[in-house]
Amino acid sequence: MLSTQEKYISQEIIETCQKLHSKNLLAAADGNVSVRLSEDRILMTPSGKPKSFIHPEDMAILTLSGQVLQGNPSSERKMHLKVFQSCPEAQAVIHAHPPTAVALSIARPQWKEVPCESFAELILAMGSLPIAPYARSGTSEMAEVLHPYLQDGARAMILQRHGALTWGESLMEAYMGMERIEHICEVLMKAELLGGATPLPESEIKELYKLRSQLGPRLL
Ligand SMILES: [Zn+2]
């Protein structure tokens, strides 16, 4: 049984899943969303269900170390737990499969991050957008490859050939980060199709990074 507070947060998670689905950021039973209820309790979307059709009673609860207290949490829960364990400020984690971001990571396997130098929005909204190396979904390895990026303070990252992951101090921050990843990748892909992205002047790039550092660590 969920408490009133847990039901309320479940409803927020469900609305977020519906938004992700309507924006084509996840298909079928893909993707998962989690919220920290307290220091040691995580509320998470269930495994194997289409995320735009779930109900509050489908939600699962687990501890920070992965002990399942209720329901059947996502098969990709290790990634979420890794974020909550590594980043005490993390209140919400979203994993989705944004198609353009995944396509870019497939077409440009040599990229360690999405190139920033042509796009002010990327620098201002998230500082950088790393691409974590491929690991099979649901494995401990998938959680471990995130480690250096989380240590670096990344709140948004593409998972090569798979999807993307964002976290925030609120569900809204994590959601906006996911929407932003796909938007940035769409613009970049269109620029590539039109002949290739052109860089901003170096002095402007420096100023943008300065501005970003003043804005703080949040995804915008
Ligand atoms: Zn996935």
Side-chain angles (χ1 to χ4, degrees), residues 10 13-36 42-54 58-62 66 68 71-87 90 92-109 111-114 126 129-150 154-168 171 173-186 189 219:
S10 295
I13 290 178
I14 291 168
E15 282 165 22
T16 302
C17 289
Q18 287 164 349
K19 263 190 274 176
L20 290 165
H21 184 256
S22 71
K23 289 264 181 184
N24 196 31
L25 299 172
L26 43 85
D30 293 346
N32 19 81
V33 177
S34 60
V35 165
R36 198 196 292 266
I42 311 293
L43 186 65
M44 193 176 288
T45 49
S47 173
K49 296 208 172 187
K51 300 307 172 300
S52 51
F53 294 100
I54 51 174
D58 297 323
M59 298 297 289
I61 296 177
L62 62 170
V68 179
N72 181 21
S74 161
S75 60
E76 295 185 287
R77 56 184 175 264
K78 286 177 183 156
M79 263 189 326
H80 291 248
L81 294 173
K82 181 76 187 168
V83 176
F84 288 119
Q85 288 159 1
S86 310
C87 312
V93 179
I94 296 180
H95 164 56
H97 292 183
T100 316
V102 177
L104 276 180
S105 78
I106 293 171
R108 301 280 185 274
W111 282 3
K112 306 285 180 232
E113 62 175 328
V114 173
M126 46 185 60
L129 180 51
I131 304 175
Y134 175 79
R136 201 177 317 139
S137 81
T139 60
S140 302
E141 196 196 347
M142 184 66 256
E144 284 316 309
V145 296
L146 304 180
H147 185 74
Y149 305 98
L150 296 171
R155 296 187 180 202
M157 57 208 90
I158 294 173
L159 314 175
Q160 196 181 49
R161 302 178 188 272
H162 173 191
L165 181 122
T166 56
W167 69 264
L171 195 49
E173 182 188 349
Y175 173 75
M176 288 204 308
M178 190 57 72
E179 208 180 89
R180 180 79 69 190
I181 287 177
E182 181 61 1
H183 181 70
I184 285 169
C185 291
E186 255 186 75
M189 184 193 74
L219 299 171

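For ligands, and for the atoms within them, numbers begin at 1 and follow the listed sequence. Quick caveat, the model's predicted, so the values are computed rather than measured.
Summary: NE2 is the N/O/S atom of His95 found nearest to the Zn ion (ligand 1).
The OE2 atom of Glu76 and the NE2 atom of His162 subtend an angle of 80° at the Zn ion (ligand 1), given to the nearest 10 degrees.
Under the 3.5 Å distance criterion, with hydrogens and angles disregarded, a donor-acceptor pair is assigned to the side chains of His162 and Glu76.
The pair Glu173-Arg155 counts as a salt bridge, with a side-chain nitrogen and a carboxylate oxygen less than 4.0 angstrom apart. Using a cutoff of 4.0 Å between basic side-chain nitrogens and carboxylate oxygens, Glu144 and Lys82 are scored as salt-bridged. Under the 4.0 Å criterion applied to side-chain N and carboxylate O atoms, Lys51 and Asp30 are not assigned as salt-bridge partners.
Backbone or side-chain N, O or S atoms of Asp30 do not reach the Zn ion (ligand 1) at under 2.8 Å.
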